[in-house]
Student: 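I'd like to ask you about the structure that follows.
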Amino acid sequence: MRDAHSVAGFGPSAGAAEERDGGYLAARRNSRVGAPHPHGERSMPFQTSRVILFGDCDPGGVVYTPRIAHFVVEACLDFLSHALGGPAARRLFALGILPPARALSIEFLHPMVWDEVIAIEVVVERLGEHSFTLAVDAANAEGTRTFRATITQVTISPETRRPVPLPLELRTALESTGRG
């Protein structure tokens with residue numbers, strides 16, 4: 001397992017939160033590649049883990065539903081950091097693109113609670129001319145699937161805010177991870 005190198009969001013100061021907290025954000029997630037998928041569906045999924053924090057939960061100790069979208073984004077940034085060989089947001093900006101989400105779909109399958117560790121797998125589902133879709137699948141320590149999601153990100157020019165083709169380096173990195 002390796003420590004996650006991703007940042008918590010997209011933006012010029014995306015790494016600032018990790019720098020301010022002494023690496024806590026990275027320490028709470030661990031990542032690895034090549035773990036067998038519990039359902040045998042995917043060849044080489046990227047896997048990251050996340051501890052459900054007190055702040056992720058409602059007063060009853062169950063994950064507050066909108067936080068799951070954040071978990072998806074975190075896992076996808078971890079995946080992109082691995083694929084691109086460095087912090088995802090910084091690498092994408094260096095490629096001259098912004099990657100806003102065009103679509104996000106989440107299916108909630110089982111409640112998650114405070115202090116629970118979830119394993120989150122990410123694979124490339126589709127590569128398009130101006131976009132890519134990642135599939136995300138999460139399970140708790142007992143192997144019960146907690147949620148699954150897809151996120152489609154579009155590559156746009158920072159200047160025009162219009163779609164641009166996937167940079168070759170990004171396409172190659174995503175293709176090299178294998179598809180689900």
Side-chain angles (χ1 to χ4, degrees), residues 2-33 42 44-50 53 55-56 64-107 120-138 147-180:
R2 69 171 181 79
D3 286 328
H5 291 99
S6 71
V7 291
F10 293 118
S13 62
E18 273 188 46
E19 291 167 12
R20 280 194 306 274
D21 72 8
Y24 173 73
L25 292 174
R28 75 177 184 201
R29 298 184 313 264
N30 291 312
S31 306
R32 63 192 171 109
V33 177
R42 299 181 178 139
M44 287 292 289
F46 169 85
Q47 187 175 79
T48 187
S49 62
R50 188 185 200 293
L53 303 175
D56 295 328
Y64 181 58
T65 304
R67 294 294 297 159
I68 298 170
H70 183 72
F71 300 170
V72 171
V73 171
E74 281 181 337
C76 290
L77 285 170
D78 284 350
F79 170 78
L80 289 169
S81 292
H82 169 76
L84 293 168
R90 295 183 197 290
R91 295 290 300 127
L92 293 169
F93 296 150
L95 293 174
I97 60 166
L98 299 175
R102 185 186 80 207
L104 172 63
S105 174
I106 304 171
E107 185 176 358
I120 306 171
E121 295 181 352
V122 181
V123 295
V124 175
E125 183 174 276
R126 187 189 68 75
L127 291 175
E129 183 179 345
H130 305 102
S131 65
F132 58 94
T133 301
L134 302 177
V136 180
D137 194 11
F147 68 86
R148 64 178 160 228
T150 58
I151 185 168
T152 300
Q153 294 185 265
V154 179
T155 53
I156 67 169
S157 162
E159 293 81 27
T160 66
R161 303 284 198 246
R162 302 292 306 154
V164 296
L166 260 68
L168 181 59
E169 183 179 339
L170 176 58
R171 180 177 294 281
T172 301
L174 293 173
E175 287 174 344
S176 72
T177 65
R179 291 197 186 161

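These numbers were taken from a predicted model, which means no experiment stands behind them. Note that the numbering runs from 1 along the sequence shown for the chain. Just so you know, these numbers use all the heavy atoms, side chains as well, and skip hydrogens, waters and symmetry mates.
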Student: Would you give the length of the straight line joining atom CD1 of Ile68 to atom CG of Asp56, rounded to the nearest 0.5 angstrom?
Tutor: 9.5 Å
Student: Which value, rounded to the nearest 0.5 Å, describes the distance between Ile106 atom CD1 and Thr65 atom OG1?
Tutor: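 Between atom CD1 of Ile106 and atom OG1 of Thr65 there are 9.5 Å.
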Student: Side chains of Ile120 and Asp137, heavy atoms from C-beta outward: is any pair under 4.5 Å?
Tutor: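 Counting from C-beta outward, Ile120 and Asp137 never come under 4.5 Å.
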Student: For Ala94, check side-chain contact (heavy atoms from CB on, under 4.5 Å) against everything at least two apart and list the hits.
Tutor: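 Listed in chain order: Arg91.
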Student: Could you go step by step and tell me if Phe93 and Leu98 meet the side-chain contact (heavy atoms from CB on, under 4.5 Å) rule?
Tutor: CA-CA 6 Å; Phe93 296 150; Leu98 299 175; 3.5 Å; yes
Student: Take the angle between the ring planes of Phe79 and Phe46 and call it parallel below 30°, perpendicular above 60°, tilted in between.
Tutor: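 Perpendicular.
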Student: Tell me, which pairs form a salt bridge (Lys or Arg N to Asp or Glu O under 4.0 Å) where one or both residues lie in residues 156-168, sequence neighbours left out?
Tutor: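 Those involving residues 156-168 do not exist here.
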Student: At their closest point, which heavy atom of Glu121 faces which heavy atom of Gln47, and how far apart are they?
Tutor: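 Where Glu121 meets Gln47 most closely, the heavy atoms are OE2-NE2, 3.3 Å.
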Student: Taking side-chain contact (heavy atoms from CB on, under 4.5 Å) as the test, write out the residues that go with Thr152, two or more places apart.
Tutor: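 So Thr152 forms a side-chain contact (heavy atoms from CB on, under 4.5 Å) with Arg102, Ala103, Arg126, Ser131, Thr133.
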Student: Ignoring hydrogens and angles, tell me if any N or O in the side chain of Thr150 forms a donor-acceptor pair with the backbone of Ala135 under 3.5 Å.
Tutor: no
Student: Kindly give the heavy-atom pair with the smallest separation between Pro165 and His130, and that separation in Å.
Tutor: N-CD2, 3.5 Å
Student: Nearest heavy-atom pair of Gly128 and Leu166: which atoms, and what distance?
Tutor: O-CD1, 3.7 Å
Student: Is the closest side-chain heavy-atom distance between Leu92 and Leu80 below 4.5 Å?
Tutor: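 Side chain of Leu92 against side chain of Leu80, heavy atoms only: contact under 4.5 Å found.
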Student: Could you tell me which residues satisfy side-chain hydrogen bond (donor to acceptor under 3.5 Å, both in side chains) with Ser176, sequence neighbours excluded, listed by chain and number?
Tutor: none
Student: So which heavy atom on Cys76 is nearest to which on Val136, and how close?
Tutor: SG-CG2, 3.7 Å
Student: Please report the interatomic distance CD(Gln153) to CG(Leu134), rounded to the nearest 0.5 Å.
Tutor: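 Between Gln153 CD and Leu134 CG, I get 6.5 Å after rounding to 0.5 Å.
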Student: Determine the minimum heavy-atom distance between Glu169 and Leu84, stating which atoms define it.
Tutor: O-CD2, 4.4 Å
Student: As an exercise, state the distance from CG of Leu170 to CD of Glu175, rounded to the nearest 0.5 Å.
Tutor: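 These two atoms lie 9.5 Å from each other.
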Student: Can you see which heavy atom on Ala83 is nearest to which on Ala173, and at what distance?
Tutor: O-CB, 3.4 Å
Student: Sequence neighbours left out, what passes side-chain contact (heavy atoms from CB on, under 4.5 Å) with Val164? Give chain and number order.
Tutor: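 Counting only residues at least two positions away or on another chain, Val164 forms a side-chain contact (heavy atoms from CB on, under 4.5 Å) with Ile97, Thr155, Ser157.
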